[in-house]
Amino acid sequence: MTIDIDRIDQIIDMHQCEASSLIQVLLEIQGENHWLPKEALDRVSEKLQVPLSRTMHIASFYKAFSLVPKGRHEVHICMGTACHVRGAKRILETVEDLTGIKPGETDADMKFSLETVNCLGCCALGPVMEINGKAHGKISVSETAAVLERYE
Amino acid sequence: MNEIRIQIDGKEVRVGEGMTVLEGAQSAGITIPKLCHHDKLVPFGGCRLCIVEVGNGVSAKLVVSCVYPVEENLVVRTRSEKIDRIRKTILELLLAHAPNSPELQVLAREYGADKDRFEKEASFCIHCGLCVRYCNEVKKLNAVGFVDRGIRKEIAFIPGIAARECKNCMECFPLCPTSYLQAAFVLIEALAFSTTSSGTASTE
């Protein structure tokens, strides 16, 4: 776990230990740590007085939360209709080959996490690969490797 | 509690104000099939089996009786061709998950549901939430909860709490319509209890 308990307590205190702020607290921890470790969920449940079963229910329900560690760079590949017809599948296969991981997985050096998304909202740029929030539009299979190499 | 008059299956009955249609019918001795309802628990509306028709003519509509409050002069029909057809389909969908549940089989016989209509997807849990809600609302132990969503939603014991509390309680076991709960408990007991007691608990 990289985020420490003190920081988690700070986030919880900013929300006055309100049980109704559960999702907001989890979102902030997720934002800083990129995933929710068990220790964090235990601490949040204890301080907000929400049963762990409920915290788990919520943390596992929303796709915004991750219960497994994420790599340093989060790669999202758009599989929406517009990107699909422009060859998103080939981009995905290329990224899978280059990183050796499937959607939902993280590589062993914790460098990349790969996810597919259903639409990034910039269909004119399709096919789109988004890395750490930066969109790489109209990307071709040959460019994919060069883009990935820019990330350490 | 004030009493109001409603009509169920053509019979005038007096029920308490603020009751749900299902509770009203139960108090009048009329049976409505249900899987996720429990007298001690807040209505859940999960299984949809208690669906009934309220109102007359064009304003008639289908409602889930366990979460629909009674109102003065409400006309309720608990059986009709349409309702039976819906219940049959619901049962067939549930039977795809738990084909051998005795409780489901009894209902299937009554409504003529074919357990082989849909391809089997043996998850055994039908998401009635009885165990989760009983543990939360009645026992306040929260040893079992739902995780994930949609087609991947399932019940999961929290090993730390379950190892400590479940052996002395097990009150949720007989509530489960499919017996999947017991299986899930034995599984978590085998997988996670020993590690929990040695202090390296895992929610996996």
Side-chain angles (χ1 to χ4, degrees), chain A residues 1-3 5 8 17-23 25-27 29-30 33-70 79 102-106 108 110 113-119, chain B residues 36 41-42 44 46 123 125 127-166 169 171-172 175-176 181 184-185 187-188 191-193 195-204:
Chain A
M1 185 163 102
T2 46
I3 192 166
I5 289 288
I8 292 170
C17 289
E18 288 275 356
S20 57
S21 306
L22 177 61
I23 291 180
V25 169
L26 293 179
L27 275 174
I29 298 172
Q30 169 80 34
N33 197 48
H34 304 293
W35 71 290
L36 302 172
K38 182 177 185 298
E39 293 78 3
L41 294 176
D42 280 339
R43 188 69 177 175
V44 170
S45 291
E46 188 193 320
K47 293 269 279 186
L48 299 188
Q49 307 230 318
V50 176
L52 183 60
S53 59
R54 180 144 190 84
T55 311
M56 271 302 288
H57 186 170
I58 287 166
S60 62
F61 186 93
Y62 294 102
K63 230 186 158 181
F65 301 126
S66 171
L67 296 171
V68 290
K70 286 281 178 188
M79 305 303 275
K102 297 260 176 236
E105 295 176 351
T106 300
M110 306 290 282
S113 290
L114 180 59
E115 291 284 351
T116 57
V117 291
N118 292 326
C119 186
Chain B
C36 72
L41 303 176
V42 176
F44 185 56
S123 66
C125 180
H127 300 150
C128 67
L130 282 172
C131 53
V132 173
R133 291 178 295 136
Y134 192 86
C135 199
N136 170 254
E137 292 173 31
V138 178
K139 303 298 289 186
K140 307 210 184 306
L141 292 171
N142 299 297
V144 61
F146 279 122
V147 293
D148 224 320
R149 64 168 168 181
I151 56 168
R152 283 185 298 275
K153 184 177 179 180
E154 59 181 13
I155 55 161
F157 283 92
I158 306 282
I161 305 171
R164 200 170 60 237
E165 309 284 356
C166 291
C169 171
E171 285 173 32
C172 60
L175 301 179
C176 181
L181 178 65
F185 180 77
L187 190 66
I188 195 77
L191 290 175
F193 277 17
T195 51
T196 310
S197 52
S198 66
T200 49
S202 153
T203 47
E204 293 296 313

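Residue numbers begin at 1 in each chain, while the letters A, B, ... track the order of the sequences.
- Contacts between residues 139-151 of chain B and chain A, defined by a heavy-atom separation under 4.5 Å, are made by B/Asn142, B/Val144, B/Gly145, B/Phe146, B/Val147, B/Asp148, B/Arg149.
- Evaluation of the side-chain hydrogen bond (donor to acceptor under 3.5 Å, both in side chains) rule for B/Lys153 yields no partner, not counting sequence neighbours.
- Listed by first then second residue, pairs satisfying side-chain hydrogen bond (donor to acceptor under 3.5 Å, both in side chains) with a partner in residues 51-67 of chain A read A/Ser45-A/Thr55, not counting sequence neighbours.
- For the ring-ring contact (aromatic ring centres under 6.0 Å, His included) test, residues two or more places apart in sequence or in another chain that qualify with B/Tyr134 are B/His38.
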